[in-house]
Amino acid sequence: MAVIVWWLLTVVVVAFHSASAAVVESTWEVEYKYWWPDCKEGIVMAINGQFPGPTIDAVAGDTVIIHVVNKLSTEGVVIHWHGIRQKGTPWADGAAGVTQCPINPGETFTYKFIVDKAGTHFYHGHYGMQRSSGLYGMLIVRSPKERLIYDGEFNLLLSDWWHQSIHAQELALSSRPMRWIGEPQSLLINGRGQFNCSQAAYFNKGGEKDVCTFKENDQCAPQTLRVEPNRVYRLRIASTTALASLNLAVQGHQLVVVEADGNYVAPFTVNDIDVYSGETYSVLLKTNALPSKKYWISVGVRGREPKTPQALTVINYVDATESRPSHPPPVTPIWNDTDRSKSFSKKIFAAKGYPKPPEKSHDQLILLNTQNLYEDYTKWSINNVSLSVPVTPYLGSIRYGLKSAYDLKSPAKKLIMDNYDIMKPPPNPNTTKGSGIYNFAFGIVVDVILQNANVLKGVISEIHPWHIHGHDFWVLGYGEGKFKPGIDEKTFNLKNPPLRNTVVLYPFGWTAIRFVTDNPGVWFFHCHIEPHLHMGMGVVFVEGVDRIGKMEIPDEALGCGLTRKWLMNRGRP
């Protein structure tokens, strides 16, 4: 395996290919469909009658054009292209209320953007909790000069599934008091899982009657990975879960991690891999096990008490004679062993040849992540502000100078934390709501310290995977307890930190990232757990305001709220 990945030690980042860049174009009709994702009938958001949505396959430098037709009867829709930086096209980012208006029922909106960097990405709905309803799919951007050598590849899109509709979930989370939606009923691999049966039940005493029996074309039947012996396969893994943090293992095989969030990393070998919501990875798997057998791929819950059974599928060697695997599937590591999870995160370093972060930053945010109450509604807050995204998209408000569309006062850059005990529930549980944003000059270096804390009741601190739009950032480090300004900066990794777009904030700790404001636009930065974002866990960055004021933004992106009124009256005295 070392021979296969040697080049990663001296990799040079390649962004664009030659002038022969292609156009990848498609029309997508988004509508609700009855489906059987986990062998129980439910309702999914399908694209062209397909769940999950179609895979986009492009080459770095290509232009992607997707005409999205909203065939939902009563609600808007947008699609976010997760991991695509949208250089020069911030209105195509697909974040409702931030970069565009929702696409109205019966209307069409065209997303047009360049995929400027190779990597494993995905797309998903970004309006309300539509991602939880299955609006997602893979987005693969290939390198024109790929030097990673392998014989084949598979996509593994991981998600969680509830039997309760997203509208019922949204109402429950927004009720007073809040009604928690509970753990997912099942986990899905490429949109397929099993709720009322188990592929591995025959290992349990008397469990043969609970073994899944699939009919031809069953929508919940697992997709078997068919492989040849003594080959190397690239598994492209993406997690679009709404809540669950996951762990993936392949029975009898080791995994070599080579890519994280579309950026190559120094290769390292593991027996299993933690994958948080919003993260993507590529791992290399060598088929060097006994070719006469079949082997489980198992996906289980980490970070939360696992009340959801593992998802399973099978690696099937072409010479396998068994009808099913002869050994039980790998057991997911204990859910609350966060030291194990941190150990995995700290093994991820940039491949040589990637740019190092600037030595110093020009600005610093310390974002305290807390659970609070607002008029007895349960909310998540950042520096004691629960984000409320306005009706008028920020991008349009800034482009046309509509200052009444959102709160002009920025949230606090640093909450006074000297007397704040992150290990206990907040002494004053109340918070505020707001729509203010952080405004940065173009071309500066910004550090963000994500600080975790206790929830409202009990001694509990949750895992939060934070995702940024429009950027990659350097992960400078992780720490325990409360961040100490002027001291903990000395521990930052400035030599080979990985470039990511999603990073984990562990319980009762902090995570530090650094990025450059080199992409004029308005960009979401938020927890990728769907209920947490719905309850206010996010902030908004704007950079290069003067450049936004000169942008040619399609009117179709801004046909709501105050920008709609401005556009209707444009040109009138």
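None of the values given here were measured: they were computed from a predicted structure.
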Tyr276 side chain to Thr241 side chain, donor-acceptor N/O pair below 3.5 angstrom: no
Side-chain donor/acceptor of Ser461 to backbone N/O of Phe508, under 3.5 Å: yes
Expected output: side-chain Arg142 to main-chain Ala118 donor-acceptor under 3.5 Å: no
Heavy-atom neighbours of Tyr478 OH exceed 12 at 6.0 Å: yes
Plane angle bin for Trp510 and Phe483 - parallel if under 30°, tilted between 30 and 60°, otherwise perpendicular: perpendicular
Within-4.5 Å side-chain heavy-atom neighbours: Val227 and Asn316: no
Ring-ring centroid check Phe154 Tyr233, cutoff 6.0 Å: yes
side-chain hydrogen bond (donor to acceptor under 3.5 Å, both in side chains) between Asn48 and Glu29, worked out: CA-CA 5 Å; Asn48 294 345; Glu29 294 185 346; over 6 Å; no
His67 atom NE2, neighbour heavy-atom count above 12 within 6.0 Å: yes
Thr89 and Gln86 side chains, donor-acceptor separation under 3.5 Å: yes
Heavy-atom donor-acceptor pair, Gln310 side chain to Pro330 backbone, under 3.5 Å: yes
Distance (rounded to the nearest 0.5 Å) between Arg231 CZ and Lys286 NZ: 10.5 Å
Residues Asn263 and Lys117: side-chain donor-acceptor under 3.5 angstrom: yes
Side-chain touch Glu279/Pro465, heavy atoms, less than 4.5 angstrom: no
Thr240 OG1 to Leu135 CG distance, which is reported to the nearest 0.5 Å: 9.0 Å
Under-4.0 Å salt bridge between Asp160 and Arg131: no
Side-chain (Tyr354) to main-chain (Tyr264) donor-acceptor, under 3.5 angstrom: yes
Check: Tyr506 main-chain N/O paired with Asn452 side-chain donor or acceptor under 3.5 Å: yes
Of Arg192, Gln194, His163, the residue whose pairing with Asp38 passes side chain to side chain donor-acceptor pair (under 3.5 Å): His163
His121 ring center within less than 6.0 Å of Tyr123 ring center: no
Heavy-atom closest contact (Leu158 atom, Ile189 atom, distance): CD2-CG1, 4.2 Å
Gap between atom NE2 of His80 and atom CG of Leu139 - 0.5 Å precision: 10.5 Å
Closest heavy-atom pair and its distance - Pro325, Trp296: CB-NE1, 3.4 Å
pair check: Cys39 + Cys220, SG-SG < 2.5 Å: yes
Which atom of Ser277 lies closest to which atom of Ser239, heavy atoms considered: CA-OG, 3.6 Å
Side chain Glu25, main chain Ile65, donor-acceptor under 3.5 Å: no
Heavy atoms from other residues, nucleotides or ligands near NZ of Lys342 exceed 12 (cutoff 6.0 Å): yes
CA sep, side-chain torsions, deciding dist, call: Ile114, Ile84, side chain to side chain contact (heavy atoms under 4.5 Å, CB included): CA-CA 8 Å; Ile114 293 174; Ile84 305 301; over 6 Å; no
Ser341 versus Asp274, side-chain donor and acceptor atoms under 3.5 Å: yes
Parallel, tilted or perpendicular, as decided by the 30° and 60° cut-offs, for the rings of Trp81 and Tyr111: perpendicular
Glu146/Arg234 under salt bridge (Lys or Arg N to Asp or Glu O under 4.0 Å): CA gap, chis, key distance, verdict: CA-CA 13 Å; Glu146 180 66 79; Arg234 181 177 188 169; 3.3 Å; yes
Mutual orientation of the aromatic rings belonging to His126 and His526 [parallel < 30°, tilted 30-60°, perpendicular > 60°]: perpendicular
Asp472/Arg500 under salt bridge (Lys or Arg N to Asp or Glu O under 4.0 Å): CA gap, chis, key distance, verdict: CA-CA 5 Å; Asp472 286 339; Arg500 305 293 300 266; over 6 Å; no
Minimum side-chain heavy-atom gap Phe473-Pro357 below 4.5 Å: no
From Asn369 atom CG to Leu505 atom CG, the distance as rounded to the nearest 0.5 Å: 6.0 Å
Contact summary for Asp261 and Asn501, nearest pair of heavy atoms: OD2-N, 3.1 Å
Side chains of Ser159 and Trp161, donor plus acceptor under 3.5 Å: no
Closest non-hydrogen atom pair, Arg304 against Glu462: NH1-OE1, 3.4 Å
Residues Thr502 and His467: side-chain donor-acceptor under 3.5 angstrom: yes
Thr63 side-chain N/O to Phe113 backbone N/O, donor-acceptor pair under 3.5 Å: no
Stepwise side chain to side chain contact (heavy atoms under 4.5 Å, CB included) check, Gln185 with Lys40: CA-CA 10 Å; Gln185 275 67 64; Lys40 178 180 173 64; over 6 Å; no
Main-chain N/O of Asn496 paired with Asn493 side-chain donor or acceptor, under 3.5 Å: yes
Gap separating the CZ atom of Phe203 from the OG atom of Ser198, nearest 0.5 angstrom: 9.5 Å
Side-chain heavy-atom pair Val504, Ile463 within 4.5 angstrom cut-off: yes
Ring centre gap for Phe344 and Phe268 strictly below 6.0 Å: yes
Beyond-backbone contact of His528 with His124, side-chain heavy atoms, under 4.5 angstrom: yes
Shortest non-hydrogen contact between Asn519 and Gly88, atoms and distance: OD1-N, 3.9 Å
Atom pair CZ/CG of Phe195 and Leu188 - distance to nearest 0.5 Å: 12.5 Å
Cation-pi check, Arg324 onto Tyr202 ring (under 6.0 Å, within 45° of axis): yes
Asp151 side chain vs Val232 backbone, donor-acceptor pair below 3.5 Å: yes
Glu359/Arg514 salt bridge by N-O under 4.0 Å criterion: no
Test side chain to side chain contact (heavy atoms under 4.5 Å, CB included) applied to His253 and Tyr295, step by step: CA-CA 9 Å; His253 298 75; Tyr295 301 88; 3.8 Å; yes
Any side-chain donor near an acceptor of the partner, Thr120 and Ser282, under 3.5 Å: yes
Evaluation steps, side chain to side chain contact (heavy atoms under 4.5 Å, CB included), between Leu290 and Tyr317: CA-CA 9 Å; Leu290 288 175; Tyr317 280 68; over 6 Å; no
Check: Arg340 main-chain N/O paired with Asp337 side-chain donor or acceptor under 3.5 Å: yes
